[in-house]
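Reviewing the structure listed below.
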Amino acid sequence: MPNEHIKIMDIPFVNITQRDLLKGELYPRLQESKTSYIVTANPEIVMYAKEDKSYKEAILTADYIIPDGAGIVIASKVLKKPLKERVTGFDLMIKLLSHAEGNNLSCYFLGAKEEVVQEAMKRVKRDYPELKIAGHHHGYFDLEDASIAERVKEANPDIVFAALGFPKQELWINKYMSGFKKGLFMGVGGSFDILAGNTKRAPYFWIKLNLEWLYRLLKEPFRWKRILKVFEFIFRIILFRK
Ligand code: UDP
């Protein structure tokens, strides 16, 4: 049965639990060496897509757009089309790392500053000692520089984690993925910073209460502008519903 989608501001989110997404979709696709493109979209991404047509086009080519961010799940409830659950990019990456280790699949780490991606890989090697690392590259290159995609291709990875932040990560995947024969491509934002221990995830109880955004705001007040976008998003959803 094809997956149900729930449109939020014109972005079709797949309505699936993390478990079903992994077991029913991503693991089989990896097994068959298919290409897959996953966007983990939060309210800021949805708002950005609304304002930037080429970014919107780049995310609409994804095989799966998943709801990362409590705001998306809240919006789906306001629209009376509730999404089953929030599926965060970071959690999905952790599950994929573990699956890759157990199934002899290789991972490429693309993005963040050189020292951050190095540190993130150190932690990955410690936690997943059998994992095959296909390679890595820092994220500070020009989107037009096709040599980066060539390097990734030569490494022949099964999974490519693109931690370039949005919009760059989705623009990069959309631009270069068609040249790959296999590979699960996923934008993971600041996840390498979390792996490297530079950014802390909110404690469980903040996440449970859907307050991870508030925790981040308190820890990184320079992000206040981004939080405003989240409020604008919720505001628009409520207006639109009426
Ligand atoms: N980054 C990168 N290349 C760039 C811009 C950013 O690799 O040209 C990295 C940056 O070092 C950080 C991540 O992308 O590790 C963005 O993190 P952020 O928390 O801002 O993620 P977002 O919320 O944008 O997904």
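In each ligand, atom 1 is the first atom listed, and ligand 1 is the first ligand listed. One-based numbering along the sequence shown.
- Looking at ligand 1, you'll find an N or O of Ala112 within less than 3.5 Å of one of its N or O atoms.
- Atom NZ of Lys153 sits in a crowded spot, with more than 12 heavy atoms from other residues, nucleotides or ligands closer than 6.0 Å.
- The aromatic ring centres of Tyr37 and Phe185 sit 6.0 Å or more apart.
- More than 12 heavy-atom neighbours from other residues, nucleotides or ligands sit within 6.0 angstrom of NZ on Lys182.
- For ligand 1 and Phe166, the ligand atoms under 4.0 Å from any heavy atom of the residue are 24 (O), 25 (O).
- For Asp20, there are no salt bridge (Lys or Arg N to Asp or Glu O under 4.0 Å) partners at least two apart in sequence or on another chain.
- Note: no N/O pair closer than 3.5 Å links Gln169 and ligand 1 by distance alone.
- Considering backbone and side-chain atoms alike, Gly189 places every N or O at 3.5 Å or more from each N or O of ligand 1.
- From the protein, the heavy atom lying nearest to atom 19 (O) of ligand 1 is Arg223 NH2, 3.0 Å.
- Contact of the Ile234 side chain with the Ile74 side chain is registered, since non-hydrogen atoms from C-beta on lie closer than 4.5 Å.
- In this model, no donor atom of one side chain and acceptor atom of the other lie less than 3.5 Å apart for Asp193 and Ser191.
- If you check which protein heavy atom lies closest to atom 16 (C) of ligand 1, you get Gly165 CA, 3.7 Å.
- Closest heavy-atom approach to atom 8 (O) of ligand 1 among the candidates Arg216, His138, Lys168, Glu220: Lys168.
- Here the side chains of Arg19 and Glu85 are not in contact, with every heavy-atom distance at 4.5 Å or above.
- Looking from atom 5 (C) of ligand 1 to the surrounding protein, the closest heavy atom is Leu164 O, 3.5 Å.
- When non-hydrogen atoms are compared, ligand 1 lies under 4.0 Å from neither the backbone nor the side chain of Glu44.
- Between Tyr108 and Phe161, the distance from one ring center to the other does not fall under 6.0 angstrom.
- Atom 22 (P) of ligand 1 has Arg226 NH2, 3.6 Å as its closest protein atom, hydrogens excluded (heavy atom only).
- Counting only non-hydrogen atoms, the option in Gly89, Gly139, Ala163 that gets closest to atom 9 (C) of ligand 1 is Ala163.
- Applying the 6.0 Å contact sphere to CD of Glu232 captures more than 12 heavy atoms from other residues, nucleotides or ligands.
- When ring centroids are compared, Phe13 and His5 stay outside the 6.0 Å threshold.
- In the vicinity of Gly111, heavy-atom distances shorter than 4.0 Å reach the ligand 1 atoms 7 (O).
- For atom 21 (O) of ligand 1, the closest non-hydrogen atom on the protein side is Gly190 N, 3.3 Å.
- Using 4.0 Å as the threshold, Glu114 has no heavy atom nearer than that to any atom of ligand 1.
- Protein heavy atom nearest atom 10 (C) of ligand 1, with residue, atom name and distance: Tyr140 OH, 3.2 Å.
- Each of the atoms 12 (C), 15 (O) of ligand 1 lies under 4.0 Å from some heavy atom of Asp193.
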